[in-house]
Amino acid sequence: MAVAPALPVLLLFLTGISLWVAEAEVHHYNFVVAEKNFTRLCKTKSMLVVNGQFPGPTIYVHKGDTMFVNVHNHGDYGLTIHWHGIKQPRNPWSDGSAYITQCPIEPGNNFTYRVVFSEEEGTLWWHANSNTDWTRNTIHGAIVIYPPRGSSYPFPTPQGEQILIFGTWFTYDVNKVIREILRTGKDVPISDAYIINGQPGDFCACSKETTYRWQVDYGKTYLIRLVSALMDEEFFFAIAGHNLTVVGIDGSYLKPFTTSYVMLATGQTVDVLVETNQSLGRYYMAGRQYYTDNLFFTGYDKTNATAILKYRGRYNRLSSLFLPETLPSYTDYDSATRFRKCLKSLASKEHPIDVPRNVTTQMYITASMDRINHADMDYTLLSSLNNISWVNPSTDVLQAYYRKLSGFYTSDFPDEPPYYFDFVADLRDTSTHPLKGTKVKILEYGEEIEIVFQSTNLLNASDEHSMYIHGHKFYVLGEGYGNFNSTTDPETYNLVDPPYLSTASLPVKGWLTIRFKANNPGVWAMHCQEGRHLIWGMNTVLIVKNGNNPETSICSPPLNMPSC
């Protein structure tokens with residue numbers, strides 16, 4: 001069954017959901033990847049999209065469902081599709097991580113992914129996946145995972161819902177630029193605009209008539225599913241005149257809390273409730289970029305993403321457009337920290353948590369922007385984890401591991417950085433000369449892992465990093481600014497109801513502590529989700545070994561895995 005596009009009218013959108021719920025628990029989709037022309041900002045360009053849509057089709061399932069997605073590549077280069085935040089129990093073959101769990105689907109070929117929705121509930125997303133291009137900028141879409149059939153939300157059922165996908169728009173083929181950047185080692189371009197559901201805001205050129213608009217009824221509660229498909233930026237979001245009640249993140253529920261704004265890490269999803277209880281009128285739904293490092297970017301993108309929420313009714317003098325006054329500024333660290341500290345799991349009988357308490361492996365991982373200096377005074381930009389900058393092997397790591405092939409990776413990714421210094425000091429002229437390699441970390445099945453990520457200020461280029469682990473979700477125990485203190489900082493950990501995430505923000509010049517259980521056998525990428533950090537090498541791989549029975553071991557590969 002092919003995926004229908006998300007319908008723009010809310011009433012029809014909800015009707016579509018009621019029809020979908022009646023479908024079987026196994027779903028079949030066809031994704032056709034092909035070029036199509038799109039016009040934004042007064043310019044037309046051709047770009048790769050799925051099923052002719054931008055953003056791509058929305059997937060609707062229930063927790064516990066399985067879907068098969070046959071991806072047909074009609075483009076002119078290889079690609080994969082990743083199901084962001086989906087655990088994929090024992091099934092790394094369908095994770096869709098290029099050169100890590102599979103080789104790309106080459107032009108003219110197809111591959112069918114099997115996706116199992118095991119523990120996720122809420123909103124997630126899918127996207128093209130590569131650490132050598134930015135194809136995900138145009139190939140992405142939302143995944144809506146409803147509670148199991150016969151169950152309900154842990155909050156009052158909303159009377160309507162909508163999806164808002166934040167993205168970045170380039171007026172040219174950004175992948176051509178990225179290929180040149182990978183050749184020269186220089187910086188990535190700044191986007192021409194931010195977009196909401198594929199459209200720039202009405203302050204942008206040639207955009208006033210096409211700005212995304214959503215009509216709602218007065219006096220109702222709506223569920224808004226926020227998806228950050230941005231390439232490089234963490235994002236603040238607010239609706240003028242309205243408070244938002246946050247109820248979920250990354251496909252997990254939270255203790256509800258009310259706020260005037262939300263913050264999304266790159267690749268993160270957030271579910272919020274909004275009550276349409278204001279005067280009849282039009283209200284901006286607006287997003288603003290949060291922190292960009294001050295070395296590699298010569299400026300920051302000031303084209304805030306905007307869409308318009310409009311109450312149904314007769315407007316008279318109330319038809320003015322209200323601006324959000326609570327949207328934090330792009331360097332508002334306090335607002336970012338304050339929001340993240342409000343994220344707490346439900347930790348209820350119906351939605352229990354299981355924070356690892358018997359840690360067997362501890363890792364301290366530095367995340368750095370860096371460069372390699374050359375004899376001619378030129379340099380190549382790199383990023384690294386523990387001073388290792390990832391290099392793709394010639395075949396994917398999963399095939400090499402599963403078939404016991406040697407020479408494609410080494411199992412010596414370090415548990416700590418090679419040397420210690422004041423990581424957050426002004427280090428403008430310092431380089432640690434990162435090593436380029438394909439180094440992985442091997443974990444025993446069932447191990448309980450604690451990782452402290454530490455941001456460094458090498459080259460005076462500390463940045464927010466959106467840390468993401470494939471195949472696992474993790475509990476975020478704490479974060480802070482400065483160098484991690486192994487004596488005092490653990491005393492601040494939340495072990496009672498920490499949020500259960502797949503993507504988390506590592507603060508600028510700060511640290512982040514996570515824990516998880518290695519209970520999903522397979523080969524799984526761990527990296528910064530931000531596009532430029534990923535293509536520069538801020539990536540590694542966790543290999544979780546099989547358990548002692550078939551139910552705790554990697555399933556057999558499908559017969560038609562793409563070859564390199």
Side-chain angles (χ1 to χ4, degrees), residues 79-80 82 84-85 92 95-104 127-136 178 181-182 185 188 231-232 265-267 363-372 380-398 400-401 408-418 432 434-443 449 451 453-456 458 461 463-472 474 502-506 512 514 516 522-544 564:
L79 55 84
T80 64
H82 171 60
H84 194 103
D95 183 60
S97 185
Y99 294 102
I100 293 174
T101 61
Q102 71 168 96
C103 298
H127 58 82
N129 183 268
S130 174
N131 54 27
T132 60
D133 62 55
W134 279 10
T135 307
R136 86 166 196 246
I178 294 299
I181 284 167
L182 288 175
V188 301
M231 288 308 302
D232 269 319
T266 306
M363 303 180 73
Y364 185 59
I365 300 179
T366 52
S368 302
M369 311 299 296
D370 213 327
R371 69 186 179 198
I372 293 179
T380 299
L381 293 173
L382 292 175
S383 61
S384 64
L385 295 174
N386 273 354
N387 217 43
I388 307 297
S389 187
W390 176 264
V391 175
N392 281 333
S394 56
T395 194
D396 62 277
V397 178
L398 177 57
Y401 170 70
F408 293 98
Y409 64 87
T410 60
S411 57
D412 56 346
F413 181 84
D415 286 350
E416 59 182 319
T432 54
L435 302 175
K436 301 180 72 173
T438 310
K439 298 178 182 293
V440 310
K441 173 69 177 178
I442 307 288
L443 299 171
I449 319 301
I451 299 177
F453 292 105
Q454 174 71 58
S455 178
T456 78
L458 291 171
D463 200 358
E464 288 270 328
H465 299 294
S466 299
M467 304 311 300
Y468 174 52
I469 302 180
H470 293 229
H472 292 79
F474 49 79
S502 58
T503 308
S505 297
L506 170 58
L512 169 76
I514 68 170
F516 64 97
V523 172
W524 309 105
M526 179 173 71
H527 59 81
C528 178
Q529 181 68 18
E530 296 186 17
R532 65 198 184 107
H533 300 168
L534 184 57
I535 65 171
W536 286 337
M538 194 174 287
N539 183 32
T540 190
V541 164
L542 305 177
I543 295 181
V544 180
C564 290

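Scope of the values below: all heavy atoms of this structure, side chains included, with no hydrogens, waters or symmetry mates. Just so it is clear, the structure is predicted and the values come from calculations on it, not from any experiment.
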Legend entry - Residue that, paired with Ile365, satisfies side chain to side chain contact (heavy atoms under 4.5 Å, CB included) out of Met526, Gln454, Lys441: Met526
Legend entry - Heavy-atom pair with the smallest gap, counting every atom of Gly96 and Thr80: O-OG1, 2.9 Å
Legend entry - Partners passing side chain to side chain contact (heavy atoms under 4.5 Å, CB included) against Leu182 (at least two apart in sequence or in another chain): Thr132, Ile178, Ile535
Legend entry - Shortest non-hydrogen contact between Thr503 and Ser466, atoms and distance: CG2-CB, 4.0 Å
Inset, instruction - Specify the closest pair of heavy atoms between Val544 and Tyr401, including all atoms of both residues, with the distance to one decimal. - result: O-OH, 4.3 Å
Legend entry - Interatomic distance, Ser502 atom OG to Phe474 atom CZ [nearest 0.5 angstrom]: 6.5 Å
Inset, instruction - Please identify each residue that fulfils side chain to side chain contact (heavy atoms under 4.5 Å, CB included) with Leu534, with sequence neighbours left out. - result: Asn131, His527, Asn539
Legend entry - Smallest separation among heavy atoms of Ser368 and Thr456, with atom names: OG-OG1, 2.8 Å
Inset, instruction - Please report the C-alpha distance between Lys436 and Leu382 in whole Å, then the side-chain angles of each, then the deciding distance to 0.1 Å, and finally whether the side chain to side chain contact (heavy atoms under 4.5 Å, CB included) criterion is met. - result: CA-CA 9 Å; Lys436 301 180 72 173; Leu382 292 175; 4.3 Å; yes
Legend entry - Check: Phe516 and Leu542 side chains under 4.5 Å, non-hydrogen atoms: yes
Inset, instruction - Give a yes-or-no answer on whether the side chains of Thr101 and His470 include a donor-acceptor pair shorter than 3.5 Å. - result: no
Legend entry - Verdict with supporting geometry, Ser383 and His465, side chain to side chain donor-acceptor pair (under 3.5 Å): CA-CA 11 Å; Ser383 61; His465 299 294; over 6 Å; no
Legend entry - side-chain hydrogen bond (donor to acceptor under 3.5 Å, both in side chains) involving Thr410 - partner list, sequence neighbours excluded: Asp412
Inset, instruction - Output, in order, the C-alpha distance, side-chain angles, deciding distance and verdict of side chain to side chain contact (heavy atoms under 4.5 Å, CB included) for Ser97 and Gln102. - result: CA-CA 6 Å; Ser97 185; Gln102 71 168 96; over 6 Å; no
Legend entry - Val188 and Trp134: CA distance, side-chain angles, deciding distance, side chain to side chain contact (heavy atoms under 4.5 Å, CB included) verdict: CA-CA 11 Å; Val188 301; Trp134 279 10; 3.8 Å; yes
Legend entry - Interatomic distance, Phe453 atom CZ to Leu512 atom CG [nearest 0.5 angstrom]: 7.0 Å
Inset, instruction - Look only at the side chain of Arg136 and the backbone of Ser130, and say whether a donor-acceptor pair between them is shorter than 3.5 Å. - result: no
Legend entry - Test side chain to side chain contact (heavy atoms under 4.5 Å, CB included) applied to Ile469 and Ile514, step by step: CA-CA 11 Å; Ile469 302 180; Ile514 68 170; 3.8 Å; yes
Inset, instruction - Return the minimal non-hydrogen interatomic distance between Asp370 and Pro434, and the atom names on each side. - result: OD2-CD, 3.6 Å
Inset, instruction - Any chance you could measure Leu443, atom CG, to Trp524, atom CH2, to the nearest 0.5 Å? - result: 13.0 Å
Inset, instruction - Measure the shortest side-chain to side-chain distance between Thr395 and Cys564 over non-hydrogen atoms and say whether it is less than 4.5 angstrom. - result: yes
Inset, instruction - Return yes if some donor-acceptor pair links the side-chain N/O of Ser389 with the main-chain N/O of Trp536 below 3.5 Å, else return no. - result: yes
Legend entry - Test item: Asn386 and Thr366 side chains (from C-beta on) under 4.5 Å apart, heavy atoms: yes
Legend entry - Closest non-hydrogen atom pair, Ile388 against Pro414: CG1-CD, 4.1 Å
Inset, instruction - Enter the distance from Glu464:CD to Asp232:CG here, rounded to the nearest 0.5 Å. - result: 13.0 Å
Legend entry - Atom OH of Tyr99: over 12 foreign heavy atoms under 6.0 Å: no
Inset, instruction - May I ask you to test the Trp390-Val440 pair for a side-chain heavy-atom distance under 4.5 Å? - result: yes
Inset, instruction - Drop me the distance from Tyr468's OH to His84's NE2, to the nearest 0.5 angstrom. - result: 4.5 Å
Legend entry - Straight-line distance of Met363 CE to Thr540 OG1, nearest 0.5 Å: 7.5 Å
Inset, instruction - Give a yes or no on whether the backbone of Asn392 and the side-chain of Thr438 come within a donor-acceptor separation of less than 3.5 Å. - result: no
Legend entry - Check: Ile100 and Asp95 side chains under 4.5 Å, non-hydrogen atoms: no
Legend entry - pair Leu79-Pro104: side-chain heavy atoms closer than 4.5 Å: no
